[in-house]
Amino acid sequence: MKDSNSRNLFRRASEIMPGGVNSPVRAFKAVGGNPIFMKSGHGCRMKDVDGNEYIDFVGSWGPLILGHAHPDVVHAIQQRAAEGTTFGAPTAVELDLMEAIRGAFPSMEMLRLVSSGTEATMSALRVARGFTGKNNILKFEGCYHGHHDSLLTSAGSGVATFDLPDSSGVPDNYSRNTISVVYNDMNSLRRLSPEILKDTAAVIIEPVAANMGLVQPSANFLSDLRQFTLEHNILLIFDEVISGFRVSFGGAQDYYGIRPDMTCLGKIVGGGMPLAAYGGRAEIMRVIAPVGPVYQAGTLSGNPVASAAGLATLKILKQKSVYQDLNAKAAKFFASLGELFAGKQISLSTLGSMFTIFFSSSSPQNFKESKECDTKAYSELFWNLIEQGIYIAPSQFETNFVGVAHEEKDLDQTLNAFARAL
């Protein structure tokens, strides 16, 4: 594998960016070695700056469910950009996208567009506090909801990769109203004092945890959580930045039949462009300025180019056969992977087209169990697959994705690479 150009670029990058990257997990610290600089992508394949080609199972960390440079999405971006990239004023295309989102997520009676998942969750929590007049937020260990100050406690994803329980630079009073509990364990909520629960505005959760690796909710966990929040007059916020439009067209809430009070979306909803959304019951959302006292704003919120990319993506995904075909293809691939892993200390956690490989005898059920897996073995697997032209997440605490663009020949090539690696 050639890597001289990537190495040279990383040396340049290290002089101008902290760690040589604009987002920590790209630095490959979890697997060792230097990051790979990418140049182009088409379908399920991408090429790096040294000309190496990879079958991609990261998909820009989830957004590219249709693959790289899907012609419909590219056309929508080009057409919209030619008419102007931003106005700081309302456009029709953002309304088209928002109506499409509400059609898929009926629980989002009203919504706002923003530019990132972090903005979406940050804004949703502010709205929840403003609506309820309460202070505390409950979150689950290992669930990552963006890098805003109040939720960088017991986070997964990049924080877990660097083995940091919290982030420095966050004053104690910023996170003192954030209480972390154990994913898949309702007793960890029931043990909280009445005083804490009385002053709790919201519970925020990844309904399908995807930032400690893929960890699915146990039976009745989400329905029990919904009932718990209703009993204690606490808002339930689903962070579906990853699971939205991935688990199903209507996300995890449609898949599991749970209606949250608020929802945060990102990744796929922007079609590969910087765009996210948050919304919920109309009475909650009406506390936002200019009609209410909770302030949230953004110059590029509802950006027309990003909205056009998201709308083009959702139009394709709305076709019923898309998810049927994608999940069937993924299930066949996962079954073959499972056969390769049989008898080894390797488990495969899957849901729909999402998957994570854990070096453990069984799939983790929470963040503690995820951290106990053999991450050194994972890094060895990662680099062996890279040498064979297979690109999986450079951290065991992330989730991989099969996409619409993966064809049977691509998945067969991947299985052969896994067999050689093992």
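Computed from a prediction, not measured in an experiment: that's the story for all the values here.
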Which pair of heavy atoms, one from [X] and one from [Y], lies closest together, and at what distance?
{"X": "Gly302", "Y": "Thr91", "result": "O-OG1, 4.4 Å"}
{"X": "Ala309", "Y": "Gly270", "result": "CB-O, 3.6 Å"}
{"X": "Pro260", "Y": "Leu236", "result": "CB-O, 3.5 Å"}
{"X": "Gly20", "Y": "Ala13", "result": "O-CB, 3.3 Å"}
{"X": "Gln216", "Y": "Asn184", "result": "O-ND2, 3.1 Å"}
{"X": "Ala201", "Y": "Ala128", "result": "CB-O, 4.0 Å"}

Test your reading of the model: is there a side-chain donor-acceptor pair from [X] to the backbone of [Y], 3.5 Å cut-off?
{"X": "His406", "Y": "Gly403", "value": "yes"}
{"X": "Asp3", "Y": "Ile36", "value": "no"}
{"X": "Asp56", "Y": "Gly59", "value": "yes"}
{"X": "Ser14", "Y": "Phe10", "value": "yes"}
{"X": "Glu240", "Y": "Ala252", "value": "yes"}
{"X": "Asn52", "Y": "Lys2", "value": "yes"}
{"X": "Ser370", "Y": "Asn366", "value": "no"}
{"X": "Thr356", "Y": "Glu398", "value": "yes"}
{"X": "Gln388", "Y": "Ala417", "value": "yes"}
{"X": "Lys267", "Y": "Trp61", "value": "yes"}

What's the spacing between [X] [atom1] and [Y] [atom2] if we round to 0.5 Å?
{"X": "Phe245", "Y": "Ile101", "atom1": "CZ", "atom2": "CD1", "answer": "6.0 Å"}
{"X": "His145", "Y": "Thr178", "atom1": "NE2", "atom2": "OG1", "answer": "10.0 Å"}
{"X": "Ser301", "Y": "Glu94", "atom1": "OG", "atom2": "CD", "answer": "9.0 Å"}
{"X": "Glu387", "Y": "Leu385", "atom1": "CD", "atom2": "CG", "answer": "10.5 Å"}
{"X": "Met108", "Y": "Arg102", "atom1": "CE", "atom2": "CZ", "answer": "10.5 Å"}
{"X": "Asp48", "Y": "Ile386", "atom1": "CG", "atom2": "CD1", "answer": "8.5 Å"}

Residue pair Thr414, Phe333: steps toward the side chain to side chain contact (heavy atoms under 4.5 Å, CB included) verdict: CA-CA 9 Å; Thr414 302; Phe333 174 62; 3.8 Å; yes
Cation-pi geometry met for Lys371 and Phe367 (6.0 Å, 45°):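 Yes, Lys371 sits over the ring of Phe367.
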Using a 4.5 Å cut-off on heavy atoms from C-beta on, say whether the side chain of [Y] contacts that of [X].
{"X": "Tyr378", "Y": "Ser395", "answer": "no"}
{"X": "Val208", "Y": "Ile242", "answer": "no"}
{"X": "Phe401", "Y": "Ile65", "answer": "no"}
{"X": "Pro364", "Y": "Phe358", "answer": "yes"}
{"X": "Ser363", "Y": "Leu348", "answer": "no"}
{"X": "Tyr278", "Y": "Ile288", "answer": "yes"}
{"X": "Thr85", "Y": "Pro304", "answer": "no"}
{"X": "Phe334", "Y": "Val402", "answer": "yes"}

Criterion side-chain hydrogen bond (donor to acceptor under 3.5 Å, both in side chains) on Glu206 and Asn211, from CA distance to verdict: CA-CA 9 Å; Glu206 288 182 277; Asn211 285 285; 2.8 Å; yes
NZ/NE/NH1/NH2 to OD/OE distance under 4.0 Å, Arg80 and Glu83: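 A salt bridge links Arg80 with Glu83.
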Ionic contact status for Glu109 with Arg259, cut-off 4.0 Å: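 Yes, charged N to carboxylate O under 4.0 Å.
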Whether over 12 other heavy atoms sit under 6.0 Å from [X] [atom1]:
{"X": "Arg420", "atom1": "CZ", "result": "yes"}
{"X": "Lys320", "atom1": "NZ", "result": "no"}
{"X": "Glu231", "atom1": "CD", "result": "yes"}
{"X": "Lys329", "atom1": "NZ", "result": "yes"}

Side chain to side chain contact (heavy atoms under 4.5 Å, CB included) between Leu337 and Leu415, intermediate numbers included: CA-CA 7 Å; Leu337 268 185; Leu415 289 170; 3.9 Å; yes
Aromatic plane relationship, Phe28 with Tyr391 - under 30° parallel, 30 to 60° tilted, over 60° perpendicular: tilted
Aromatic ring pairing His232/Phe228, orientation class (parallel under 30°, perpendicular over 60°, tilted between): tilted
Steps toward side chain to side chain contact (heavy atoms under 4.5 Å, CB included) verdict (Ser307, Leu275): CA-CA 7 Å; Ser307 294; Leu275 185 142; 3.7 Å; yes
Pair Phe221 + Phe140: ring centers closer than 6.0 Å: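 Yes, the ring centres sit under 6.0 Å apart.
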Within the 6.0 Å centroid threshold, strictly below: Phe238 and Tyr256: no
Full working for side chain to side chain contact (heavy atoms under 4.5 Å, CB included) between Leu66 and Asp72: CA-CA 10 Å; Leu66 300 180; Asp72 288 6; over 6 Å; no
Chi angles and distances behind the side-chain hydrogen bond (donor to acceptor under 3.5 Å, both in side chains) call for Arg126, Gln296: CA-CA 9 Å; Arg126 184 181 300 158; Gln296 177 264 311; over 6 Å; no
Between Arg129 and Thr132, a side-chain donor and acceptor under 3.5 Å: no
Asp261, Thr121, Ile137, Leu125 screened by side chain to side chain contact (heavy atoms under 4.5 Å, CB included) with Ile237, the one that passes: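 For Ile237, the side chain to side chain contact (heavy atoms under 4.5 Å, CB included) check succeeds only for Leu125.
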